[in-house]
Amino acid sequence: MNPDLSLLRGSPFVALRELLDPLAPQTNIKPISLTIGEPQNQPPELMKRVLKEHDHLYGKYPPGDGTVEQRTAIVNWLNRRFTLPEGMVEQDTHITPVNGTKEALYMLAQVLTDRSDPAAEKPCILIPNPYYHVYYAAAIMAGADPVLLHANRENNFFPDLDTLSEDVLSRCTAFFLCSPSNPQGTIANRAYLIKALELSRKHDFVLIMDECYTEIYDQAPPTGILEILKSEGGSLSNVVAFHSLSKRSSAAGLRSGFMVGDPLITRAMLNLRNFAGAASPLPVCAASAALWADDEHVASNRTRYKTNIDIAEKHLEGRFGFYRPPGGFFLWIDVGDGVEATKKLWTKAAIRVLPGEFLSVTDHTGFNPGRQYIRIALVFDPEVMEEALSRMVNVL
Ligand SMILES: Cc1ncc(COP(=O)(O)O)c(C=O)c1O
């Protein structure tokens with residue numbers, strides 16, 4: 001067995017089951033689980049129709065890089081969403097479709113980590129803490145040191161880039177940065193993104209932007225890294241961004257997303273995926289093309305999440321450090337002790353949430369930046385969210 005497997009931190013969802021399964025709710029009311037970032041509304045009819053229209057294609061091996069129609073729809077969406085000039089992103093060199101971004105985020109760390117010289121200093125990968133758990137596993141299995149950077153409230157929940165040491169920067173191969181952030185739902189501003197980009201180019205590492213929540217926002221569309229690249233001259237070097245249909249189109253089960261960016265990296269990724277990646281079936285490529293071409297269903301998803309945030313605000317404003325998450329669909333609230341609050345919510349209100357501690361690592365001083373928080377996914381219909389939030393405030 002690969003001994004690095006023993007270094008992986010357990011999945012937050014397994015840890016949650018271990019915490020809550022031995023405890024029974026002391027109430028007969030129906031349990032509601034607000035733990036996973038999975039939209040609970042149906043994907044648009046459009047997806048089902050296009051899948052059906054193309055179902056004669058399931059017998060064919062699909063191409064590793066998707067279809068021209070899919071990549072073209074993706075480029076058109078990027079151009080609309082981030083107001084990019086024609087030609088800045090090219091469908092045949094800058095885009096790699098992937099079967100969900102989770103596996104691709106993991107695989108990219110394998111592409112980027114140089115293990116050719118065992119005598120060289122160990123490469124490292126920067127990860128915000130708390131984080132999406134795949135980043136950590138990706139770094140470990142690529143043979144890199146995961147360097148956890150605290151993302152505290154004072155910094156809008158983004159790591160302080162001014163405190164990175166020269167040692168870390170010189171060993172750094174990649175920086176996973178998520179905006180809108182999971183779990184906190186904050187958005188990296190232009191100045192922050194420019195600083196991250198400049199660092200990546202100065203120290204020759206890859207800035208990996210995880211932008212899978214970029215279409216879910218409260219007031220203003222989050223700035224995407226491609227907009228920054230446009231204003232900095234248009235080159236895509238040292239940067240890749242990930243986008244997904246899982247949240248945008250409530251289509252987590254379709255397993256469809258893409259990476260866009262530096263052609264050296266998108267081509268290297270495609271090369272590795274030709275050996276080790278599962279290509280998306282042709283009907284999925286067709287559905288993906290149709291979904292990226294349609295913005296209407298996305299606007300209605302956004303309205304739904306706004307309504308849920310309004311409900312959360314009504315119940316939580318002025319308590320638990322509540323703020324309206326500017327992006328994404330999670331609440332990140334300060335309950336003092338996240339594990340205790342999670343147990344209480346389960347036993348007294350039959351509500352399952354995720355303790356922040358399960359999404360973050362304790363540092364050498366014993367500090368864990370997630371410990372005082374819980375994450376709440378606002379993914380159900382407003383009636384269910386109303387019920388869940390009123391039960392929660394009654395027991396917290
Ligand atoms: C921050 C973040 N990145 C990536 C993903 C993966 O999404 P998918 O594999 O469905 O594209 C998720 C899913 O929850 C996520 O929260």
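We count ligands from 1, going down the list as the structure has it; atoms in each ligand are counted the same way. All values below were derived from every heavy atom in this structure, side-chain atoms included, with hydrogens, water molecules and symmetry-related copies excluded.
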Given Phe329, which of Tyr213, Tyr217, Phe380 fulfils the ring pair (Phe, Tyr, Trp, His ring centres under 6.0 Å) condition? Tyr213
Got an N/O contact under 3.5 Å between Glu103 and ligand 1? no
Is any N or O atom of Tyr213, backbone or side chain, closer than 3.5 Å to an N or O atom of ligand 1? yes
A student checking ligand 1 against Gly100 at a 4.0 Å heavy-atom cut-off should list atoms 9 (O), 11 (O)
Taking atom 10 (O) of ligand 1 as the reference point, the nearest protein heavy atom with its distance: Ser246 OG, 2.6 Å
Using ring centroids (six-membered ring only for Trp), state whether Phe258 and Trp292 fall under 6.0 Å. yes
Atom 14 (O) of ligand 1: closest protein heavy atom, distance to 0.1 Å, is Lys247 NZ, 2.7 Å
When you check the gap from the basic side-chain N to the acidic O, do Arg319 and Asp334 get nearer than 4.0 Å? no
Within the 4.0 Å heavy-atom shell around Thr101, which atoms of ligand 1 are there? 4 (C), 5 (C), 6 (C), 7 (O), 8 (P), 9 (O), 11 (O)
Please evaluate residues Ser200 and Asn238 with respect to the criterion side-chain hydrogen bond (donor to acceptor under 3.5 Å, both in side chains), reporting the C-alpha separation (whole Å), side-chain torsions for both, the decisive distance (0.1 Å), and the verdict. CA-CA 6 Å; Ser200 74; Asn238 291 70; 4.7 Å; no
Answer yes or no for Ala252: is there a heavy-atom contact with ligand 1 below 4.0 Å? no
Take Ser179 and Ser181 through the test side-chain hydrogen bond (donor to acceptor under 3.5 Å, both in side chains) and record every step on the way to the result. CA-CA 4 Å; Ser179 175; Ser181 58; over 6 Å; no
Among Tyr106, Tyr136, Tyr135, Tyr131, which one satisfies ring pair (Phe, Tyr, Trp, His ring centres under 6.0 Å) with Phe176? Tyr135
Is the distance between the ring centroids of His315 and Phe320 less than 6.0 Å? no
Any donor-acceptor pair under 3.5 Å from Asp145 side chain to Val147 backbone: no
Of all the atoms in ligand 1, which lie at a distance below 4.0 Å from a heavy atom belonging to Cys178? 1 (C)
Write out the residue and atom name of the closest protein heavy atom to atom 1 (C) of ligand 1, then the distance separating them to 0.1 Å. Asp210 OD2, 3.3 Å
For Leu105, the atoms of ligand 1 under 4.0 Å from one of its heavy atoms are 4 (C)
Which ligand 1 atoms, with their elements, are less than 4.0 angstrom from a heavy-atom of Arg255? 8 (P), 9 (O), 10 (O)
